[in-house]
Amino acid sequence: METHRSSLFEDLSKLQATVQEEEDVEGEAEPVVRRQAAPTEGFADLYLDTINRSVLDFDFEKLCSVSLSNINVYACLVCGRYYQGRGPKSHAYFHALEVGHHVYINMATQKVYVLPEGYEVTSKSLDDIKFVSDPTYTKEQVMTLDKEAKTAWSLSGKEYTPGFVGMNNIKANDYFNVVVQALSHVPPLRNYFMLESFSSSPELAKRLSILVRKIWNPRAFKTHVSPHELLQEISLKSNKKFTLTAQSDPVDFLSWFLNNLHLALGGSKTKPGSSMIQRVFQGKLKVESQAITAKADAGDRLRFEEAAEVKVDVNRFMLLTLDLPAAPLFQDELERNIIPQIPLTSILSKYDGLKAQEHLNQRKRYRLLHPLPPYLLFHIKRFSKNKFVEERNPTIVTFDARNLDLSPYVEPNPSLHPPGEPIWYDLVANIVHEAVRGREDSVEGEAERHVWKCQVQDKGREEWVQIQDLFVEKTQKELLYLGESYLQVWERRREGKRKAAR
């Protein structure tokens, strides 16, 4: 028994030795990987002349083109493709060996490496690439954005204005483009996303910050940006309610976006003013409600009854809805369609606290409360849906881009604002709807296609710019109201600021 056990032990030892020898042989057969901590002396700029800046596009989601992983991603600076890792068994390493592309940038750290050698390159000649990948600004640079007229040139020598660049409409994301263009011209919000660090924030805030910084990039390689990376996160976060393949309503998207940004920035669901979003846009509204107990006589105006109880609520808002009067159904004597017009101040009278409106079985009156937010968002309600069709109201809303006085719509509060003093607001952004027929021979009543444009103010030049996807052109201040305004951003004028027309 003892002899059998020792024999078994010897056989096992021989087997282990044989396996070890085979492993040693296989190990010797593998190529020796030579890695360097630094470039060979005199060859610090080796391979840098192979970098092709014209193919670099850092706007797309950072996913390895082989493994589709978003962990530890590098971009090849020769062909622009993304690869995971840089170790001897990584996709980037094999790419370097197979096609001879040797320079890679880490998309998280912005460090540049040469493969397969593996050393870091610290040449200043790569700073422009690092800045395009992840632009950073000083407070002094950001504070001058609206004060100076800036001009920049792309790699191809095309002139552009930082902050007023086109945005790719990948398939049907123009509803998203106009909202981001408008928000990127709200100074406190823009400055916040350009200066703060969002490295530990949720992806929604992080990716919006990168996009805003690229929109205002004065050293860009291209004259447009792609919102692909942010759109992918929005599609995921909204359970594909908002995607790049199906057009949505800009107001629906803006409401969702602001609420989710508020939470991504650490905002509370119950505490007002707990994020930059609410500090910029949130205001208070007094709502008076009274139950409708009897039908009024024919032709009688809707009004509050003296005897019935009036319930008063104070609600918070980030978006004010303005209702348009019904569009005319008939044509004029020359058989041409009538496009009615109405002043913005007329539809704002909804909030004067005097006119009653019927809402289900309630009469309601609305009045804004002090203090008004620094920026007001107006939604001009053009679309209404019933069981059969969506209807569009083409009424033109007339307005002056300067000197909108909100004081008639705010309940007086002497402790917060002197009675009788105006509260001036100036237009910052105007999102416009345009209805386009699908074909030239399309018949009346056929479904129309929605097209969205954004008009924003270039304060440095005191001009207005219209952006529709990749198309950027100047427009006249006097022509802004001629389109179907749908969403507007108004900025409260600071005390003491002159009323000079722009």
Side-chain angles (χ1 to χ4, degrees), residues 175 178-179 182 247-255 281 283 285 287 299 301-303 315 317-332 336-360 362-368 376-401 403-406 408-410 425 427-437 444-445 447-455 466 478-490:
Y175 72 94
V178 290
V179 167
Q247 195 177 55
S248 298
D249 186 286
V251 169
D252 292 344
F253 171 67
L254 178 64
S255 300
F281 295 119
L285 182 71
V287 182
R301 294 180 63 189
L302 186 70
R303 61 179 185 273
N315 299 331
F317 69 86
M318 282 201 288
L319 194 70
L320 288 176
T321 301
L322 309 180
D323 303 309
L324 291 171
L329 299 175
F330 305 103
Q331 295 178 319
D332 63 9
R336 290 184 302 212
N337 288 326
I338 302 169
I339 300 180
Q341 297 185 6
I342 188 169
L344 178 62
T345 49
S346 295
I347 56 177
L348 267 171
S349 62
K350 170 182 179 178
Y351 298 98
D352 63 7
L354 302 173
K355 294 181 181 175
Q357 299 189 4
E358 187 173 343
H359 182 72
L360 300 177
Q362 297 273 322
R363 299 180 187 89
K364 289 184 179 289
R365 285 191 304 219
Y366 304 96
R367 195 87 188 261
L368 300 177
L376 280 172
L377 297 170
F378 292 162
H379 163 214
I380 299 170
K381 192 173 181 182
R382 294 196 172 274
F383 301 101
S384 57
K385 292 181 181 178
N386 57 36
K387 291 181 180 179
F388 306 104
V389 70
E390 177 186 78
E391 294 182 349
R392 173 178 62 87
N393 189 327
T395 301
I396 297 297
V397 178
T398 60
F399 57 87
D400 189 342
N403 310 327
L404 176 64
D405 182 12
L406 264 291
Y409 318 104
V410 189
Y425 275 79
L427 188 66
V428 170
N430 185 40
I431 292 175
V432 179
H433 170 263
E434 184 179 328
V436 178
R437 288 273 173 84
E444 192 71 31
E448 296 172 321
R449 187 165 57 89
H450 300 308
V451 173
W452 301 101
K453 304 175 183 179
C454 184
Q455 299 162 339
Q466 180 169 281
E478 294 77 18
L479 304 180
L480 296 178
Y481 72 85
L482 292 180
E484 294 181 9
S485 295
Y486 189 60
L487 251 175
Q488 294 185 329
V489 185
W490 291 82

Asks: To the closest 0.5 Å, what do you measure between NE2 (His379) and CG (Asp249)?
Replies: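 That separation rounds to 6.0 Å.
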Asks: Mind listing the closest non-hydrogen atom pair of Val179 and Pro250 along with its distance?
Replies: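 Shortest heavy-atom contact: CG2-O, 3.7 Å.
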Asks: Give a yes or no answer on whether the side chain of Lys350 reaches the backbone of Thr321 with a donor-acceptor pair at less than 3.5 Å.
Replies: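 Pair found, side chain donor or acceptor close to backbone of Thr321.
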Asks: Rounded to the nearest 0.5 Å, what separation is found between the OG atom of Ser346 and the CG atom of Leu324?
Replies: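 Going from OG on Ser346 over to CG on Leu324, the span is 11.0 Å.
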Asks: Using modelled atom types only, decide if a donor and an acceptor are shared between the side chain of Asp405 and the backbone of Pro408 within a distance under 3.5 Å.
Replies: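 Side chain of Asp405 to backbone of Pro408, a donor-acceptor pair under 3.5 Å: no, none is there.
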Asks: Does any non-hydrogen side-chain atom of Leu319 lie less than 4.5 Å from one of Leu487?
Replies: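 Counting from C-beta outward, Leu487 and Leu319 do come under 4.5 Å.
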Asks: Within a strict 4.5 Å, meaning less than it, do heavy atoms of the Val489 and Leu427 side chains meet?
Replies: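 A side-chain contact under 4.5 Å is absent here.
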Asks: Does the plane of the ring in Phe383 sit parallel, tilted or perpendicular to the ring in Trp452? Use 30° and 60° as the thresholds.
Replies: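 Aromatic pair Phe383/Trp452 classed perpendicular.
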Asks: Closest approach of Val410 and Arg367, non-hydrogen atoms and distance?
Replies: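 Shortest heavy-atom separation between Val410 and Arg367 comes out as O-NH2, 3.3 Å.
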Asks: Where do Tyr409 and Thr345 come nearest, in terms of heavy atoms and distance?
Replies: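 Minimum heavy-atom separation between Tyr409 and Thr345: OH-O, 3.3 Å.
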Asks: I'd like to check Leu344 versus Thr398 (side-chain heavy atoms, cut-off strictly below 4.5 Å). Are they in contact?
Replies: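 Counting from C-beta outward, Leu344 and Thr398 never come under 4.5 Å.
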Asks: Do Tyr351 and Leu285 come close enough that some side-chain heavy atom pair is under 4.5 Å?
Replies: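 They are in side-chain contact.
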Asks: Over all heavy atoms of both residues, which pair between Ala429 and Ala182 is shortest? Give the atoms and the distance, please.
Replies: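 Closest pair (atom of Ala429, atom of Ala182, distance): CB-CB, 3.8 Å.
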Asks: What's the separation between atom NE2 in His433 and atom CZ in Arg392, rounded to the nearest 0.5 Å?
Replies: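 It is 6.0 Å, given to the nearest 0.5 Å.
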Asks: Does Gln357 reach the side chain of Tyr366, with side-chain heavy atoms less than 4.5 Å apart?
Replies: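 Contact flag for Gln357/Tyr366 side chains = yes.
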Asks: Taking all non-hydrogen atoms of both residues into account, name the closest pair between Asn315 and Val287 and its distance.
Replies: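 Here Asn315 and Val287 meet closest at ND2-CG2, 3.5 Å.
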Asks: Rounded to the nearest 0.5 Å, how far does OH of Tyr425 lie from CG of Asn403?
Replies: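 Asn403 atom CG to Tyr425 atom OH measures 14.0 Å (nearest 0.5 Å).
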Asks: Given 3.5 Å as the limit, does a donor-acceptor pair link the side chain of Asn393 with the main chain of Pro325, or not?
Replies: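 A pair under 3.5 Å: yes.
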Asks: Is Arg365 reaching over with its side chain to a backbone N or O of Lys355, donor-acceptor style, under 3.5 angstrom?
Replies: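 Judged by distance alone, no pair lies under 3.5 Å.
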Asks: May I ask you to test the Phe399-Leu480 pair for a side-chain heavy-atom distance under 4.5 Å?
Replies: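 Yes; the side chains approach each other to less than 4.5 Å.
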Asks: Would you say that Leu404 contacts Leu376 through its side chain, given a criterion of any heavy-atom pair below 4.5 Å between the two side chains?
Replies: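 With C-beta onward as the side chain, the pair stays apart.
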Asks: Keeping the roles fixed (side chain from Arg382, backbone from Ser485), state whether a donor-acceptor pair exists under 3.5 Å.
Replies: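 Here the side-chain-to-backbone pair exists.
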Asks: First locate atom CD1 of Ile396, then atom CG of Leu482, and finally report the distance between them rounded to the nearest 0.5 Å.
Replies: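 Here the rounded value is 7.0 Å.
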Asks: How many angstroms lie between CD1 in Ile380 and CG in Leu320, if you round to the nearest 0.5 Å?
Replies: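 Spacing of CD1 (Ile380) from CG (Leu320) equals 11.5 Å.
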Asks: Using every non-hydrogen atom in the two residues, find where Pro394 and Ile339 come nearest and quote the distance to one decimal.
Replies: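 Heavy atoms of Pro394 and Ile339 come nearest at O-CG2, 3.7 Å.
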